[in-house]
Amino acid sequence: MTTSEVDPVVPAVPEPVGTDTGLRKNSIGLLANVGVGVGATTPAVSVALFFGVLAASVGVRIPAALLVAFVPILLISLAYRRLNEADPDCGTVFSWATKAFGPYVGWFGGWIVVAALAVVVTNFAQLLGLYSFLLFDWTAAADSVAATTALGSAWFVLLTVIAYRGIELSKNVQLPLLAFELAIFSLFAVVAIIKGGANDPKGSVTPSLSWLDPTALSSGALAVAVTAAVVIYWGWDTSVMVNEESEHRTHNPGLAAVISTVVLVGFYVLLAFGLVAFAGPDRLAGADGDVISMLAPEVFGGTADRLLILAGLTSAIAGCLFLPIGGARTMLSMARDGALPPRFAEIHARFRTPSIATLVFAGVSLVYFIGMTIISESVLLDSLTALGLLVAIYYALTGFSCVVYFRRRLAGGPRNLLMLGIAPLAGAIALSYVLYRTAADLTKGAEGGLLGMGGPITIAIVIVVLGLVG
């Protein structure tokens, strides 16, 4: 790789010599890196689950909330890019926080990443079962917790086998599904805007550029919306977790992370305009969990709404495929540095994947999914809410780590100061504020859980404490 391939703000780092980690090198090109980042974000599932929350918080100005949330996410993605150029380790936050603050903080960062991935993948497993039954209009099975859990578990085991057998197979499965997902949902947004104007369905609103203006929002409403939007964007950093298997690993994964966030904001804003224009914020806010299932028959009509269910299924497949891949590689990096038992660093001789780490991550996630479903479905929903807190923690930690990691380069000129200091610090502070506001809002009027603070806060506290004492 030549120096010209890397932004001069961080000197090009030569590919390490004699440090073969055992993973299959140069298996993923730039396009596939972007596909991993966008696919792991599960955009269709994110729209279905969180746009109702956004509508309840900010009304028609969902696009504005998405743009505001995009700013700190973009700043953190730039930090990922710079840190990956300097240290292309699949442990990402674990490796960078260790070098910036020491092994204790590094362990904590790695633990939060793995825990967040394990928590959210269980929700995707549940959706795999649900969408599979809905695809064939089998509503009785879709309404059965036992049936959706059983089928979701079977899906998860199958996808774990694919992840175990290699990154190339996983990539080849995912990229066509992602292209289908984005195409169908973009078409859905366009049709919704057109039908909303032509047919004037119940709740429809004429699209306006004022929906992009965040200044009309109260600070409280914006904080709630930005918290939900941060979770919607989460997952793009998986493109960096596969850096040791990527072409030009000091360059492509970090660039892919930035590109992924830009693709996502465009996709989400388009969907927001379509959904709000067709149904209006009140109908979206009143949706029973899934705004896409509610509106699909009205927008596409006939049997065409099955395409949206299929796209939602492919989105959940991506989550259950690539998020465990990211979790296993984080565990691999931690084991190489002695933060986990050495067996987690074992690489399969044929498939060149972290075999033990993959199986352990998948096994623990599956047990959590089945166990929590048996205990209470509400625990899974609380886990999804708690995810916003965990994401804010480790994204903010990445921003702070970037500033400390490059502290000796900050005096190297205005560009270094901006890109290595001011930008990541601003992103980290913004996400720290989101973390504070989210925690405060979740405890208001909460019941149950630890000291009456509610389920989501309890789950987040348990995970954080386990990381601190681990």
Side-chain angles (χ1 to χ4, degrees), residues 6 10-23 25 28 33 36-37 40 76-117 167 235-246 248-258 323 325-342 344-347 353-354 357-358 361 390-391 393-409 420 424 427-428 467 470:
V6 179
V10 178
V13 178
E15 297 292 343
V17 178
T19 57
D20 187 1
T21 61
L23 296 172
K25 293 183 177 181
I28 305 176
N33 267 128
V36 169
I76 297 302
S77 73
L78 291 171
Y80 266 81
R81 183 182 182 189
R82 302 311 176 193
L83 287 163
N84 182 75
E85 287 173 346
D87 181 22
D89 188 298
C90 65
T92 61
V93 180
F94 161 74
S95 177
W96 304 330
T98 297
K99 292 178 173 63
F101 297 108
Y104 186 79
V105 176
W107 153 262
F108 177 75
W111 163 255
I112 294 296
V113 171
V114 172
L117 292 167
I167 192 69
W236 51 266
D237 48 308
T238 308
S239 63
V240 187
M241 295 178 188
V242 295
N243 50 17
E244 295 183 23
E245 295 148 285
S246 302
H248 306 299
R249 66 177 183 152
T250 60
H251 179 260
N252 283 2
L255 178 60
V258 177
L323 294 179
I325 285 176
R329 278 143 186 79
T330 302
M331 293 168 68
L332 164 66
S333 176
M334 296 174 73
R336 285 191 313 221
D337 280 12
L340 286 177
F344 288 95
E346 290 184 10
I347 302 296
T353 58
T358 299
F361 181 91
L390 303 179
V391 173
I393 288 172
Y394 88 79
Y395 276 176
L397 178 58
T398 303
F400 290 127
S401 296
C402 185
V403 177
V404 176
Y405 188 102
F406 293 115
R407 61 191 180 279
R408 294 183 180 86
R409 297 183 183 174
L420 304 179

Q. So do Asp89 and Arg336 actually touch side chain to side chain, heavy atoms under 4.5 Å?
A. yes

Q. Is there side-chain contact between Leu23 and Leu332, with at least one heavy-atom pair below 4.5 Å?
A. yes

Q) Can you tell me how far the OG atom of Ser77 sits from the OH atom of Tyr395, to the nearest 0.5 Å? A) 9.0 Å

Q. Of the non-hydrogen atoms in Thr98 and Gly106, which two are nearest, and what is the gap between them?
A. OG1-CA, 3.2 Å

Q. Do we see a donor-acceptor contact under 3.5 Å between the side chains of Asp237 and Tyr394?
A. yes

Q | Inter-residue atom distance Cys90.SG - Asn84.CG, 0.5 Å rounding | A | 10.5 Å

Q: Over all heavy atoms of both residues, which pair between Leu397 and Ala97 is shortest? Give the atoms and the distance, please.
A: CD2-CB, 4.2 Å

Q. If you look at every heavy atom in Arg249 and Pro253, which pair is closest and at what distance?
A. O-CD, 3.4 Å

Q: Answer yes or no: is there a side-chain heavy-atom contact under 4.5 Å between Thr238 and Ile325?
A: no

Q. Would you call Glu244 and Arg329 a side-chain contact if the rule is heavy atoms closer than 4.5 Å?
A. no

Q) If we only count heavy atoms from C-beta on, is the Lys99 to Tyr405 side-chain gap below 4.5 Å? A) yes

Q.
If we check side chain to side chain contact (heavy atoms under 4.5 Å, CB included) with Leu420, which of these qualifies: Arg407, Arg409, Arg408?
A. Arg409

(Q) To the nearest 0.5 Å, what is the distance between CZ on Phe406 and CD on Glu85? (A) 7.5 Å

Q: Kindly indicate whether the side chain of Leu340, heavy atoms from C-beta on, has any atom under 4.5 Å from the side chain of Trp107.
A: yes

Q) Taking atom OG1 of Thr92 and atom CE of Met241, what is their separation to the nearest 0.5 Å? A) 4.5 Å

Q. Where is the tightest heavy-atom contact between Asn243 and Pro88, given as atom of each residue plus distance?
A. ND2-C, 3.4 Å

Q) Are any non-hydrogen side-chain atoms of Phe94 and Val113 less than 4.5 angstrom apart? A) no

(Q) For a quick test of reading the model, state the closest non-hydrogen atom pair linking Ser246 to Val242 and the distance between them. (A) OG-O, 2.8 Å

Q | Beyond-backbone contact of Cys402 with Trp96, side-chain heavy atoms, under 4.5 angstrom | A | no

Q. Do the side-chain N and O atoms of Asn252 and Asn33 include a donor-acceptor pair separated by under 3.5 angstrom?
A. no

